[in-house]
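Data first, discussion second: the structure below is written as structure tokens.
A note on names: the letters A, B, ... follow the listed sequences, proteins ahead of strands, and every chain is numbered from 1. Heavy atoms only: backbone and side chains are in, while hydrogens, waters and symmetry mates are out.
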Amino acid sequence: MGQRRTETSSTLPATTTPRRVQWSKVVVNWELYLFVLVPLIWLLLFMYVPMVGNVIAFKKFVPIKGMLGSDWVGFDHFVRFMNSFNFKNVMWNTFYINAYQLVAGFPVPIVLALALHYCPALGYKKTVQMVTYAPHFISTVVMVGIILKVLQVRIGLVSVALAKLGIPEPPFLGSPDWFAHVYVWTGIWQNMGWGTIIFLAALAGVDIELHEAARVDGATIWQRVWHIDLPGIMPTVIILLILQSGQMLNVGFEKIFLMQNPLNIRGSEVVETYVYKIGLASATPNFSYAAAINLFRNVIAFFLLVGVNRFSRRVSETSLW
Amino acid sequence: MVRRSGTDLAAAVAPPPPDAAPPPTARRTRIKNAREDRIFYALDYALLTFAFVIVIYPLIYIISSSFSDAQEVLTGRVWLLPIKPNLDGYEAVFKYRDVWLGYGNSIFYTVFGTLYNVAMTMVVAYPLARKDFIGRSPIMFLFTFTMFFHGGLIPTYLLIKSLGMIDTRAVLIIPWAIGVWNVIITRTYLQSTIPGELYEAARVDGASNTRMFWHIVLPLSGPIIAVITLFYAVNHWNTYFNALIYIRNDNLRPLQLILREILIQNSMNILDDMMADMSAEQLEQMTRREFLVALLQYSLIVVATVPVLVMYPFVQKHFVKGVMIGSIKG
């Protein structure tokens, strides 16, 4: 920090910026191109080469023949997937878990943020924030470990509590029907606090004069929340909604994979866990078929994002690009 | 009391005399409003308290269980405070060699991975934050595009395999150099803290772009470096999936992979070792072992989460700042 003073104190007003053709700027800033060179090589190698590597989805990939030498098969793998026994189940689970998560999970941080925003007791507000943010930093493995402990059949915390209340214990982790509930609500538990941050920032940006005026006009807090705060944070809400629809079909694979067991597999098998099992965990890995399934999902998700973005731009004039 | 000035406007703006009673209808609304606002605050507190309890209770339960007697835990008698407090679970954790192996490996991956991440992110964010850097838009686009469309599991695996990186420490570091989101927030931060005139001025003084990076950008980037360091470090510490795919050598496993084996798969090496030479008379002994395993799991959850949660209160504001900067321009 100390160096900054010495750097800036001796500056002259920079009025004589040479205005020439753009190439001169490129030449003057040649070092900046060296700066981005390594990250750019990394990006092309580890992000774009795999994108191109998706050609194996259209080939019958044989490791010995290599990516280029293997034979083309066109859309065979895609057709095979769509006709496969698992297609409906896997696609439905992927879609259902996502939609459930979006519908149930999206409003929770907004409501919590409003409650925090209007909390008059600053110390209490800080405490609640501190505590509710914390689970965000629990790793997926530990999180699932906690879920397994708390929901353990007969001896878990929830099971014991339900037994005391005389409520029959549902098969939280042992049934396909319960899987999405457990997945989504534990996710809300873990991330609702963290999710408030962005809305709290948006709420802090709402024009204070609107509130003053409304108060003078005799508006209740309810009315101010409804007519001032919610419209005020709407752009943030819409951007986040678009982003989340972009993540549509891109479920929290790491967590789902850990929560899977043979009893709930029909409700928990999603595209990525399926891809992993076919492509990597299998004794006879079928790289091409697995890549095709993944590409199928990626393309759908991408166009979903483009579609939602376009729709939003038309309806609300808010969009990502 | 009310000073009458010449214009009607001033009269309208002037506050009413405090002793003048408001018209009855206004008063009724005010009372009604006051009641509605009280309901609002009551619900507000209720909601916050609910959130607070529902988040903290399972955490307390896990911690209390880890200090309790195993039998009490497994029969569901622990619900808030530890019962028959002891350190058996922690003792078992400390004796478990794999846990310490994983701890060491995770520290390695986190320290070197994060250094590499932060260096790469700063190096790319600096030119992208310079308005006079021709080509910043296409380069930025190349980066952001990967947020929405990526190669996928299989092609990435095949690439890394063909690079011969499977089962090396590098595989958990080199391919994961940059998080695009962190580039975006770093760039946004640099653009808003360092005005273009500062670079111009430095140039007039004869500073090269590299010199500017060392003597202007880095000294001014303290807060954002703190933010991205934390984001990257937590990510390294918490992730398991890459290790699951790319690491087969048991000695290279990060902590999370070992946690998965113990917490999720229940495949405990020590248990196997113990059961190998077990006779009938040791049956009761084995039940005790099983209790111990359950207890160890609780203790392990605590031990594995401590590094992140201990530093968390001190760095919370940095994390929050990171999210805020990101929200400036999504």
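The candidate from Trp194(A), Phe287(A), Phe137(A) with the greatest count of non-hydrogen atom pairs under 4.5 Å with chain B is Phe137(A). If you tally non-hydrogen atom pairs under 4.5 Å between each of Met47(A), Lys149(A), Lys164(A) and chain B, the highest count goes to Lys149(A). When each of Gly53(A), Cys119(A), Gly156(A) is checked for heavy-atom pairs under 4.5 Å with chain B, Cys119(A) comes out on top. For the set Trp237(B), Trp176(B), Tyr41(B), the entry with the most heavy-atom pairs within less than 4.5 Å of chain A is Tyr41(B). Heavy-atom pairs under 4.5 Å with chain B peak, among Val160(A), Val28(A), Leu43(A), at Leu43(A). Across Tyr57(B), Phe52(B), Phe143(B), Phe213(B), the residue that shares the most heavy-atom pairs under 4.5 angstrom with chain A is Phe143(B). With respect to chain B, the highest number of heavy-atom pairs below 4.5 Å among Thr132(A), Leu280(A), Asn261(A) belongs to Leu280(A). For chain A, the option among Ser65(B), Ala125(B), Pro58(B) with the highest count of heavy-atom pairs below 4.5 Å is Pro58(B). Contact count versus chain A (heavy atoms, under 4.5 Å) is highest, among Thr156(B), Ile178(B), Leu47(B), Leu128(B), for Ile178(B). Interface remark: of the candidates Val78(B), Val234(B), Leu218(B), Leu74(B), Leu74(B) forms the most heavy-atom pairs closer than 4.5 Å to chain A. Top candidate by heavy-atom pairs under 4.5 Å with chain B, chosen from Leu116(A), Leu32(A), Ile155(A), is Leu32(A). With chain A as partner, the option from Thr305(B), Leu263(B), Leu158(B), Asn235(B) having the largest number of non-hydrogen pairs under 4.5 angstrom is Leu158(B).
Taking 4.5 Å as the limit, every side-chain heavy atom of Thr193(B) sits out of range of all side-chain heavy atoms of Leu220(B). Residues Phe46(A) and Ile174(B) meet the side-chain proximity criterion, which asks for heavy atoms closer than 4.5 Å. Counting only heavy atoms from C-beta outward, the side chains of Lys255(A) and Thr186(A) approach each other to under 4.5 Å. Using a 4.5 Å heavy-atom cutoff, the side chains of Met51(A) and Thr146(B) are in contact.
Glu254(A) approaches Tyr240(B) most closely through the heavy-atom pair O-OH, 2.8 Å. The heavy-atom pair separating Asn294(A) from Val275(A) by the smallest distance is N-CG2, 3.9 Å.
Checked by atom type, the side-chain pair Tyr133(A)/Gln129(A) shows a donor-acceptor distance below 3.5 Å. With no hydrogens or angles considered, no side-chain donor-acceptor pair links Arg203(B) and Tyr199(B) at under 3.5 Å.
Using a 4.5 Å cut-off between heavy atoms, Phe148(B) touches chain A through backbone and side chain atoms alike. Heavy atoms of Ile56(A) lying under 4.5 Å from chain B belong exclusively to its side chain. There is no contact between Phe50(B) and chain A, counting heavy-atom distances below 4.5 Å. With a 4.5 angstrom heavy-atom cutoff, Val55(A) does not touch chain B via any of its atoms. Both the backbone and the side chain of Val111(A) come within contact range of chain B, judged by heavy atoms closer than 4.5 Å. The contact between Met192(A) and chain B is made entirely by side chain atoms (from C-beta outward), counting heavy-atom distances below 4.5 Å. Of the atoms belonging to Leu157(A), heavy atoms from both backbone and side chain fall under 4.5 Å from chain B. Proximity to chain B involves both the backbone and the side chain of Val299(A), based on heavy atoms less than 4.5 angstrom apart. Leu295(A) touches chain B through its side chain: at least one heavy atom from C-beta onward sits under 4.5 Å away, while N, CA, C and O do not. Contact annotation for Leu45(A): both backbone and side-chain heavy atoms come within less than 4.5 Å of a heavy atom of chain B. For Phe61(A), the part sitting under 4.5 Å from any heavy atom of chain B is the side chain, from C-beta outward, and nothing else. Interface remark: Ala161(A) contributes no atoms to any contact with chain B (heavy atom separation under 4.5 Å). Contacts between Pro120(A) and chain B at a heavy-atom distance below 4.5 Å involve backbone atoms as well as side-chain atoms. For Leu148(A), the part lying under 4.5 angstrom from a heavy atom of chain B is the side chain only. Using a 4.5 Å cut-off between heavy atoms, Val141(A) touches chain B through backbone and side chain atoms alike. Contacts between Leu305(A) and chain B at a heavy-atom distance below 4.5 Å involve the side chain alone, from C-beta outward. Residue Thr121(B) does not touch chain A at all, counting heavy-atom pairs closer than 4.5 Å.
Below 30°, between 30° and 60°, or above 60°: for Tyr124(A) and Tyr45(B) the angle between ring planes is between 30° and 60°, a tilted geometry. Below 30°, between 30° and 60°, or above 60°: for Tyr33(A) and Phe133(B) the angle between ring planes is between 30° and 60°, a tilted geometry. Taking the six-membered ring where the residue is Trp, Phe257(A) and Phe241(B) present perpendicular rings, their angle passing 60° and hence far from 30°.
We find that Arg38(B) and Asp44(B) are not joined by a salt bridge, their nearest charged nitrogen and carboxylate oxygen being 4.0 Å or further apart.
Residues passing the ring pair (Phe, Tyr, Trp, His ring centres under 6.0 Å) test with Phe141(B), sequence neighbours excluded: Phe145(B).
In this structure, the side chain of Tyr126(B) engages the main chain of Asn209(B) through a donor-acceptor pair within 3.5 Å.
Within the 6.0 Å centre-distance limit, the rings of Trp222(A) and Phe40(B) are counted as a close aromatic pair.
To the nearest 0.5 angstrom, Ser66(B) atom OG is 10.5 Å from Leu300(B) atom CG.
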